[in-house]
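Since we're looking at a predicted model, the values are computed, not measured. The figures here come from the full heavy-atom set of this structure, side chains too, leaving out hydrogens, waters and symmetry mates. Below, read A as the first sequence line, B as the second, and so on, with proteins coming before strands; counting in each chain starts at 1.
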2 protein chains.
Amino acid sequence: MAQSDTVDRILDAAEELFADRGFSETSLRMITSKAKVNLAAVNYHFGSKNALIHAVFARFLTPFSATLENAFDDLEARCDGEPPTLNQTLWALTESAVRMPQRNEKGISIFMRLLGLAYTQSQGHLRKFLEQEYSQPFSRFMRLLKEATPQLSSVDRYWRIQFMLGATAFTMSSSDALRDILQNKLGVETTVQEIAARLVPFLAAGMQADDAMLVPPAHKSSVA
Amino acid sequence: MAQSDTVDRILDAAEELFADRGFSETSLRMITSKAKVNLAAVNYHFGSKNALIHAVFARFLTPFSATLENAFDDLEARCDGEPPTLNQTLWALTESAVRMPQRNEKGISIFMRLLGLAYTQSQGHLRKFLEQEYSQPFSRFMRLLKEATPQLSSVDRYWRIQFMLGATAFTMSSSDALRDILQNKLGVETTVQEIAARLVPFLAAGMQADDAMLVPPAHKSSVA
DNA sequence: TTGCCGCTCAAACGTATGTTTCAAACAGAC
DNA sequence: GTCTGTTTGAAACATACGTTTGAGCGGCAA
């Protein structure tokens, strides 16, 4: 009761502050005062700030990676030997993300923004932690992508996967701000699910673009 | 002589360190010791750390935005009234970036990584600075995108532009790391030009994807 | 030469950070 | 109630940061 309350309050506050401001821009004092918890509690329960960062990620990444494995299991079972298509694979991923139980209404966008920060703010320890902790579902996703795009060379596929990651992490990480802008400019409401629904076709199309065009087009030519 | 030497040495060191480690993770003491310059020189010549960050961006962004305006002028002149195509617009942008005179061999990737960080590390002051300093070429680019994709609804176009920005900023902001990984895994060397050459077709294809697919594929729809 | 001004330098300042300490409060078992 | 191990609390610690200070240097005009 006492422990888990404090621990969870710290995790909640840290999660939100990290997502808002980044890791090194968020101090332990901000976290503990937002969580209404004593400063020393962080080091007592987690050991260090870096370990707290890891715990924040583990709290949502561990159940998510389990959900994702199940989704991949289902998908491969349904496909019965045939490799799943690119669209199926991408949808399995996004549906797993969207279906994760949310702690609050901002849940999924915090989730996404943290993932984006993890890749972006080159915190060596975090990268190492994520790699050795969650390599399995990641590798599996990569394998599915590979089987779904046999026409691509390894190098092309590698870069296009980075492009997908970037579009996803970036968009999701600032989806709140972007949604607000859209609301103000065009008077349109948008849910995270709708953003995902727009993102997936974009990614799939990019992933499957003709890879012939490795030099700038001659000046007149254009995409039909 | 004395002044410009110190100023440039500071800018060079800051540029490289910022690109390597981010802004708040880079201290003035790291910068001045790398530049072999006294600590106080930064505040003397630039006024503050934030002003130094602005100066680093201004040094390459000002000539770049001039180059870009010229490229857009040329493009629109060549098209003679017709709106430039999406590919032409994207290539005008990337070629302007790639052709910028480089200070050293890492020039362009530092340039790219800094731009990525600018979007990613939500440093309020930087964003404000860039917006009010370089809004013109940015707006022009947006207008060209709009004219090149008349088939898209405003909302679709809005989100796809965010996807493009994300893929670009994210990839560029970690292009060094990604290049290293690729080098180790597949033993392939990659230049920034080649990354750009892979990125543009990806973006163009995503931008022009069929926008029909706004729900997951049929089998077993799960988002209730 | 003298005086001045732009610049550099070592040192210090005030503040904020992550972490540690140790006493007090607490809970549950006996 | 007493003991025991766990959790909290206020305070301090050492360190790093951005910034400021004031003395000193060097070239150059008068």
Query raised in the report: Does Lys49(A) use its side chain to pair, donor to acceptor, with the backbone of Phe23(A) at less than 3.5 Å?
Result: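 Looks like yes, one N/O pair under 3.5 Å.
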What is the distance, to the nearest angstrom, from the [atom1] atom on [X] to the [atom2] atom on [N]?
{"X": "Lys36(A)", "N": "dT8(D)", "atom1": "NZ", "atom2": "P", "result": "16 Å"}
{"X": "Leu28(A)", "N": "dG9(D)", "atom1": "CG", "atom2": "P", "result": "16 Å"}
{"X": "Asp5(A)", "N": "dC26(C)", "atom1": "CG", "atom2": "P", "result": "15 Å"}
{"X": "Asn38(B)", "N": "dC7(C)", "atom1": "CG", "atom2": "C1'", "result": "10 Å"}
{"X": "Leu39(A)", "N": "dT7(D)", "atom1": "CG", "atom2": "P", "result": "18 Å"}
{"X": "His45(B)", "N": "dT19(D)", "atom1": "NE2", "atom2": "C1'", "result": "15 Å"}
{"X": "Arg21(B)", "N": "dC17(D)", "atom1": "CZ", "atom2": "C1'", "result": "13 Å"}
{"X": "Asn43(B)", "N": "dC9(C)", "atom1": "CG", "atom2": "P", "result": "15 Å"}

Report task. Output the single nucleotide from dT19(C), dA10(C), dT19(D) whose closest atom is nearest the side chain of Arg29(A). Result ->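 That would be dT19(C).
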Report task. Kindly point out which of dT17(C), dT7(D), dC7(C) is positioned nearest to the side chain of Tyr44(A)? Result ->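 For Tyr44(A), the side-chain atoms sit closest to dT7(D).
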Report task. Would you classify Ala40(B) as touching base, sugar-phosphate or nothing, given that sugar-phosphate means primed atoms plus P, OP1 and OP2, and contacts are heavy atoms under 4.0 Å? Result ->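 If one applies the 4.0 Å heavy-atom cut-off, Ala40(B) turns out to touch a base.
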Query raised in the report: Base, sugar-phosphate, or nothing: which does Thr26(A) touch, judged by heavy atoms less than 4.0 Å apart?
Result: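 Counting heavy atoms under 4.0 Å across all strands, the contact made by Thr26(A) is with sugar-phosphate only.
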Tell me which donor-acceptor pairs under 3.5 Å the side chains of residues 27-35 of chain A have, and how far apart each pair is, sequence neighbours excluded?
residue: Ser27(A); atom: OG; partner: Arg29(A); partner atom: N; Å: 3.4
residue: Ser27(A); atom: OG; partner: Met30(A); partner atom: N; Å: 3.2
residue: Thr32(A); atom: OG1; partner: Leu28(A); partner atom: O; Å: 3.0
residue: Thr32(A); atom: OG1; partner: Arg29(A); partner atom: O; Å: 3.3
residue: Ser33(A); atom: OG; partner: Arg29(A); partner atom: O; Å: 3.3
residue: Ser33(A); atom: OG; partner: Met30(A); partner atom: O; Å: 3.4

Report task. For Thr171(A) and Gln162(B), test the side chains for any donor-to-acceptor distance below 3.5 angstrom and give the result as yes or no. Result ->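 No, no side-chain donor-acceptor pair sits under 3.5 Å.
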Requested in this report: Taking atom types as modelled, find out whether Tyr134(B) and Thr62(B) have a side-chain donor-acceptor pair closer than 3.5 angstrom.
Outcome: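 A pair is found: one side chain offers a donor N or O, the other an acceptor, under 3.5 Å apart.
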Query raised in the report: Using 4.0 Å as the upper bound for N to carboxylate O, is an ion pair formed by Asp156(B) and Arg160(B)?
Result: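 So Arg160(B) does not pair with Asp156(B) through a salt bridge.
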Query raised in the report: Does a salt bridge link Arg143(B) with Glu76(B), judged by any charged N lying under 4.0 Å from a carboxylate O?
Result: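 Result for this pair is yes, salt bridge flagged.
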Query raised in the report: Within less than 4.0 Å of OP1 or OP2 of dA16(C), is there a side-chain N or O belonging to Ser27(A)?
Result: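 For dA16(C), OP1/OP2 do not have a side-chain N/O of Ser27(A) under 4.0 Å.
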Query raised in the report: Should Thr6(A) be listed as having a side-chain N or O under 4.0 Å from OP1 or OP2 of dT8(D)?
Result: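 It does, given that an N or O in the side chain of Thr6(A) lies less than 4.0 Å from OP1 or OP2 of dT8(D).
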Query raised in the report: Should we say atom CD of Gln136(A) is surrounded by more than 12 heavy atoms from elsewhere, each under 6.0 Å from it?
Result: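 No, CD of Gln136(A) has 12 or fewer neighbouring heavy atoms, counting only those of other groups under 6.0 Å.
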Report task. Give me the residues of residues 46-58 of chain B where at least one heavy atom lies under 4.0 Å from an atom of DNA chain D, by number, or none. Result ->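 Heavy-atom cutoff 4.0 Å gives Ser48(B), Lys49(B).
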